[in-house]
Amino acid sequence: MDLLRCSAVRFPNTYLRRSPLRPCFAAVRSSLSLPFPEQKAKYYRELEAAVDVVERACRLFIDVKSSLFSNDDRILEKNDQTPVTIADFGVQALVSFKMNRLFPSIPLVAEEDSSFLRSTNLVGSVVDVIVNKATLRDEVTEDSVLKAIDKGGKDACTFGPKPATYWVLDPIDGTRGFVKGVEALYVVDLALVVEGQIVLGVMRCPNWDEDYFVNRATGVHETGSNFSRSGMIMVSHLGCGTWKQRLSDMLTIKLPQSWTRCYVDGCQVLKEARFCTPESQIWESLPLSSSFNAKTNSDKIGNGDILLVPACCGSLCKYMMVASGRASVFLLRATTRKVMKKISGYAPAWDHSVGIICVHEAWGKVTDWEGSSIDFVADQIARRTIFPSGILVTNYTQVLIIVSILALFISILAFFGPQVANFNIKSSK
């Protein structure tokens with residue numbers, strides 16, 4: 001494994017007083033055994049660690065959420081107008097602590113850095129939510145938490161063009177959903193990239209309901225409180241498949257362990273496919289809207305219509321839906337920029353890395369709108385950005401048909417010029 005050297009993290013001058021060492025409790029190793037034997041998985045140890053830390057991270061943000069609406073200082077607004085909470089910073093610090101201790105040679109690429117947190121004087125709040133989720137070997141102080149967050153920040157590493165191995169983390173994918181409450185879906189996700197290839201991924205959605213969105217689309221009446229929904233963890237390892245397991249949404253009730261292998265659906269006809277799009281993007285903004293109308297009820301599907309599964313927050317939830325066979329197609333627009341005189345798009349790597357391996361190992365396919373693979377090495381300096389011409393996630397049998405249709409529309413739009421600039425990928429936050 002060709003690991004890289006990271007440049008030193010630069011810390012701005014700070015007048016924060018180093019707090020005394022906070023007591024930490026020894027964490028119990030994850031109770032979830034993996035669904036495949038160690039001898040079949042090259043990165044088995046790394047995946048075990050990823051499952052454990054993602055579980056612990058979910059406990060952290062559930063704790064934060066329980067007091068979210070009674071403590072206004074726990075919800076902040078970043079400069080780009082996306083909501084961020086104490087949980088985002090807490091999860092990133094927690095993951096950084098553990099992965100740096102277990103795999104010190106593997107750097108972390110993550111969404112947050114400490115500069116915004118420093119300006120709010122809320123470092124102590126982050127320390128408070130981390131302290132009981134860390135281990136005895138983690139020195140949880142204000143200074144160590146800031147440094148842990150910055151190990152995944154934008155100035156932590158300079159990669160260059162050489163092959164690299166690194167973790168990719170989105171502390172909370174779908175923060176807008178997180179601050180809305182239980183109705184929306186949000187995910188903690190962690191992936192490992194080795195020499196440009198995603199080799200494992202873990203994503204955990206605490207309030208995932210396996211049938212909720214499909215039932216809404218098919219008109220099935222749903223009874224009971226949404227608070228009773230079980231969460232789900234999805235894991236994937238190169239060559240070992242994608243697996244899911246239902247878990248208690250509050251992580252207190254132990255459900256019987258039962259891993260289920262995930263496969264994409266077998267739909268081969270475009271008009272019978274179940275589509276999903278991000279909550280922030282409407283069907284009419286996509287090229288396919290010129291040929292198909294979107295309906296959200298299967299009973300009303302006619303000629304020229306497609307079934308659109310109602311949206312949920314968080315782009316990775318859409319990957320979950322395709323990987324588990326609950327949706328056939330996930331479409332995402334791309335913000336355009338000219339790269340090497342070619343119109344291309346851009347998106348944060350952490351919004352897609354785990355979803356891509358989970359769909360691929362479930363026998364699906366993720367490409368850009370021209371049918372090309374997503375290149376995780378295109379951002380040679382920081383590995384924080386990908387440059388697709390849109391994101392297309394499908395079951396494999398469907399991909400050729402849809403790609404050909406999309407490529408046709410993209411060619412037409414590119415020919416006419418300015419219209420292409422209307423395609424935007426936005427972070428789920």
Side-chain angles (χ1 to χ4, degrees), residues 41-43 46-47 50 54 109-111 164-170 173-174 187-205 232-244 261-265 276-278 314-334 344-379 383-399 402-403 406 425-428:
K42 182 177 181 179
Y43 304 99
E46 290 84 349
L47 184 57
V54 166
V109 173
E111 183 170 10
T165 296
Y166 53 95
W167 297 103
V168 182
L169 168 72
D170 194 342
D173 183 59
V187 178
V188 173
D189 60 90
L190 182 64
L192 180 63
V193 179
V194 177
E195 299 183 2
Q197 183 177 36
I198 309 165
V199 298
L200 66 84
V202 180
M203 52 180 159
R204 175 79 161 88
C205 182
M232 183 172 73
I233 187 167
M234 182 174 282
V235 303
S236 187
H237 186 290
L238 188 66
C240 296
T242 294
W243 301 77
K244 64 182 180 181
R261 185 153 186 181
C262 297
Y263 296 99
V264 296
D265 73 9
C276 58
T277 61
S315 62
L316 280 169
C317 292
K318 311 299 192 305
Y319 282 103
M320 275 181 144
M321 293 176 74
V322 176
S324 60
R326 295 300 179 179
S328 311
V329 183
F330 167 37
L331 295 172
L332 194 62
R333 293 174 298 172
S344 186
Y346 65 96
W350 48 79
D351 278 351
H352 303 279
S353 52
V354 175
I356 288 174
I357 188 171
C358 285
V359 169
H360 284 176
E361 287 294 317
W363 296 7
K365 189 71 174 177
V366 181
T367 69
D368 64 16
W369 283 5
E370 296 173 350
S372 300
S373 298
I374 307 300
D375 184 4
F376 276 80
V377 187
D379 178 5
R383 300 293 199 276
R384 302 175 66 81
T385 308
I386 55 177
F387 303 99
S389 59
I391 300 288
L392 177 64
V393 184
T394 73
N395 63 44
Y396 189 72
T397 57
Q398 197 67 19
V399 70
I402 298 177
V403 165
L406 288 173
I425 276 186
K426 296 179 180 178
S427 172
S428 58

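Computed from a predicted structure; not experimentally measured.
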To the nearest 0.5 Å, tell me how far [X] [atom1] sits from [Y] [atom2].
X    : Y    : atom1 : atom2 : value
Y319 : M234 : OH    : CE    : 13.0 Å
D265 : R326 : CG    : CZ    : 10.5 Å
W167 : S353 : CH2   : OG    : 11.5 Å

If you compare all heavy atoms of [X] against all heavy atoms of [Y], which two are closest, and at what distance to 0.1 Å?
X    : Y    : value
W243 : C262 : C-SG, 4.1 Å
S236 : L47  : O-CD1, 4.2 Å
R383 : V109 : O-CG1, 3.8 Å
R261 : G241 : NH2-CA, 3.3 Å
Y166 : F376 : OH-O, 3.5 Å
T242 : A362 : OG1-N, 3.7 Å

Determine whether a donor-acceptor pair (N or O, by modelled atom type, separation under 3.5 Å) exists between the side chain of [X] and the backbone of [Y].
X    : Y    : value
S324 : M320 : yes
D173 : L316 : yes
D379 : R384 : yes
W369 : I391 : yes
E195 : T165 : no

**OP:** Using side-chain contact (heavy atoms from CB on, under 4.5 Å) as the criterion, point out the one residue from V264, V329, V322, T367 that pairs with V393.
**Re:** V322
Original post:
Parallel, tilted or perpendicular: which describes the rings of Y43 and H237, with under 30° parallel and over 60° perpendicular?
Top reply: tilted
**OP:** Report the C-alpha distance between L169 and W350 in whole Å, list the side-chain angles of each, state the deciding distance to 0.1 Å, and finish with yes or no for side-chain contact (heavy atoms from CB on, under 4.5 Å).
**Re:** CA-CA 6 Å; L169 168 72; W350 48 79; over 6 Å; no
Taking side chain as C-beta onward, heavy atoms only, is [X] less than 4.5 Å from [Y]?
X    : Y    : result
V187 : D170 : no
H352 : L332 : yes
V202 : V354 : no
L190 : V168 : no
L200 : E46  : yes
K244 : I233 : no
K42  : V199 : no
D375 : F387 : no

Original post:
L238 and E361: side-chain contact (heavy atoms from CB on, under 4.5 Å), yes or no, with the steps?
Top reply: CA-CA 7 Å; L238 188 66; E361 287 294 317; 3.7 Å; yes
**OP:** Starting from the C-alpha separation in whole Å, work towards a yes-or-no answer on side-chain contact (heavy atoms from CB on, under 4.5 Å) for K365 and V359.
**Re:** CA-CA 6 Å; K365 189 71 174 177; V359 169; 5.8 Å; no
**OP:** Decide side-chain contact (heavy atoms from CB on, under 4.5 Å) for I198 and H360; before the verdict, give the C-alpha distance in whole Å, the side-chain angles of both, and the deciding distance to 0.1 Å.
**Re:** CA-CA 10 Å; I198 309 165; H360 284 176; over 6 Å; no
